[in-house]
Amino acid sequence: MTKDQIFEFFRLLAELNPAPETELEFGNVYQLLVAVVLSAQATDAGVNKATRALFAKVKTPEEMVALGEEGLKAHIKTIGLFNSKAKNVIALSEQLIAHHGSEVPQNRDALVELPGVGRKTANVVMNCAFGAETFAVDTHVFRVGNRTGLAKGKTPEQVEAKLEKRVPQPFRRDAHHWLILLGRYTCKARSPECWRCPEVELCSFRKKVLENPKKAKLTAS
DNA sequence: CTCCCGATAT
DNA sequence: ATATCAGGAG
């Protein structure tokens, strides 16, 4: 995509959804952090279903530690990978209490030190909680970046680096949200609905879909 | 690289 | 039946 095409792409996405937000539900920054950790390889809807009851009771790291690992597991049994997530959330909460005054640190390096928090989760928290212009590359952003040609790469880090270079203002703050929503509801992994995509010009994946709707895979050549 | 791992869509 | 879902740790 050329610079002009990229600008027009985001201009249209912004027009369709002027104020995109995460679909994860939370009442404070700590709950946001927990929700994002729980959302690995799970749907936002599934996470919200579990955290609704959890977050009504637990609003602080102290309350999470008091609930305990087994108590937490009881709340998140319906979420995949719940054993390792429960262990990480308890350990993460203990670490916040011990080293960060029970607050969520406001820089990526400190966030990544927390158990269960990788670069993607840290980027989400920095953006959604603190307004940083980070580009969290999850499965959707990775797929959309590669399909459209906006940001191709073999790893999430490579895609993030290209987004960092190519996404212009005033779209940098919300760019990753638009790409996630596009990936979740339009540029879907299984049955993409290309006719709804603003990127109508020369997306190589769309061409492939039009030529052979059944055989189009993750990336176009 | 493998393992973790339930709910949902296809 | 199986692919996919706001990945991260060992």
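The figures that follow rest on heavy atoms only: side chains count, while hydrogens, waters and symmetry mates do not.
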TODO: Give the B/S/- string for nucleotides 4-9 of chain B, one per nucleotide from 5' to 3', where a protein heavy atom under 4.0 Å of the base yields B, of only the sugar-phosphate yields S, and otherwise -.
DONE: BBBSSB
Open item on the list: Please report the interatomic distance CD(A:Q5) to CD(A:E8), rounded to the nearest 0.5 Å.
Closed with: 9.5 Å
Task: Nearest heavy-atom neighbours spanning A:R143 and A:G183 - done: NH2-O, 2.8 Å
Task: Atom of A:R119, atom of A:E160 and distance for their closest heavy-atom approach - done: NE-OE1, 2.8 Å
Open item on the list: Working note: A:E193 + A:K188, criterion salt bridge (Lys or Arg N to Asp or Glu O under 4.0 Å); need CA distance, chi angles, decisive distance, verdict.
Closed with: CA-CA 7 Å; A:E193 300 176 7; A:K188 299 188 288 185; 3.0 Å; yes
Open item on the list: Within the supplied structure, the quantity of interest is the number of heavy atoms (other residues, nucleotides, ligands) at a distance under 6.0 Å from A:K59 NZ; does it exceed 12?
Closed with: yes
Open item on the list: Just to be sure I understand the rule, does A:V47 reach a base, reach only the sugar-phosphate, or reach nothing, if contact means heavy atoms closer than 4.0 Å?
Closed with: nothing
TODO: May I ask you to say what A:G116 touches in the nucleic acid, namely base, sugar-phosphate or nothing, with a heavy-atom cut-off under 4.0 Å?
DONE: sugar-phosphate
TODO: Sort and list the pairs that fulfil side-chain hydrogen bond (donor to acceptor under 3.5 Å, both in side chains) and have at least one residue in residues 124-134 of chain A, not counting sequence neighbours.
DONE: A:E133-A:Q169
Task: Path from A:L179 to A:F7 over hydrophobic side-chain contacts below 4.5 Å - done: yes
- [ ] Using a cut-off of strictly less than 4.0 Å between a heavy atom of the residue and any atom of DNA chain C, enumerate the qualifying residues of residues 170-181 of chain A by number.
- [x] A:H176, A:H177, A:I180
Task: Contact list for DNA chain C against residues 155-164 of chain A - heavy-atom distance below 4.0 Å - done: none
Open item on the list: In this structure, would A:F130 and A:Y30 fall into the same cluster of hydrophobic residues linked by side-chain contacts under 4.5 Å?
Closed with: yes
Open item on the list: Pick the closest DNA chain C nucleotide for A:V112 and for A:D138 by heavy atoms, then say which residue is nearer the 5' end.
Closed with: A:D138
- [ ] Write down the atom of A:A50, the atom of A:H75, and the distance for their closest heavy-atom approach.
- [x] CB-O, 3.6 Å
- [ ] Using the P atom as the reference point in each nucleotide, state the distance between B:dC4 and C:dA1 in Å, no decimals.
- [x] 23 Å
Task: Verify same cluster id: A:V65, A:L72 (apolar side-chain graph, 4.5 Å) - done: no
TODO: Examine A:L54 and A:L92 and state if one hydrophobic cluster contains both, with Ile, Leu, Val, Met, Phe, Trp and Tyr joined whenever side-chain heavy atoms are less than 4.5 Å apart.
DONE: yes
Open item on the list: Go through it in stages, so that I can follow the logic: the residues are A:S102 and A:E62, the test is side-chain hydrogen bond (donor to acceptor under 3.5 Å, both in side chains), and I'd like the CA-CA distance, side-chain angles, deciding distance and then a yes or no.
Closed with: CA-CA 8 Å; A:S102 298; A:E62 286 82 358; 2.5 Å; yes
Open item on the list: Work out how far the P atom of C:dG10 is from that of B:dC5, and round it to whole angstrom.
Closed with: 14 Å
Task: Residues in contact with DNA chain C, drawn from residues 20-40 of chain A - heavy-atom cutoff 4.0 Å - done: A:T22, A:L24, A:S39, A:A40
Open item on the list: Return the CD to CG distance between A:Q31 and A:L38, rounded to the nearest 0.5 Å.
Closed with: 11.0 Å
Task: ILVMFWY network linking A:V47 to A:V29, side-chain heavy atoms under 4.5 angstrom - done: yes
Open item on the list: Just to be sure I understand the rule, does A:L92 reach a base, reach only the sugar-phosphate, or reach nothing, if contact means heavy atoms closer than 4.0 Å?
Closed with: nothing
Task: Positional range of nucleotides in DNA chain C within the contact set of chain A, heavy-atom, under 4.0 Å - done: C:dT2 to C:dA9
Task: Aromatic plane relationship, A:W178 with A:F171 - under 30° parallel, 30 to 60° tilted, over 60° perpendicular - done: perpendicular
Task: Spacing of the P atoms in B:dC3 and C:dA6 (rounded, Å) - done: 24 Å
Task: Nearest heavy-atom neighbours spanning A:V167 and A:A175 - done: CG1-CB, 3.7 Å
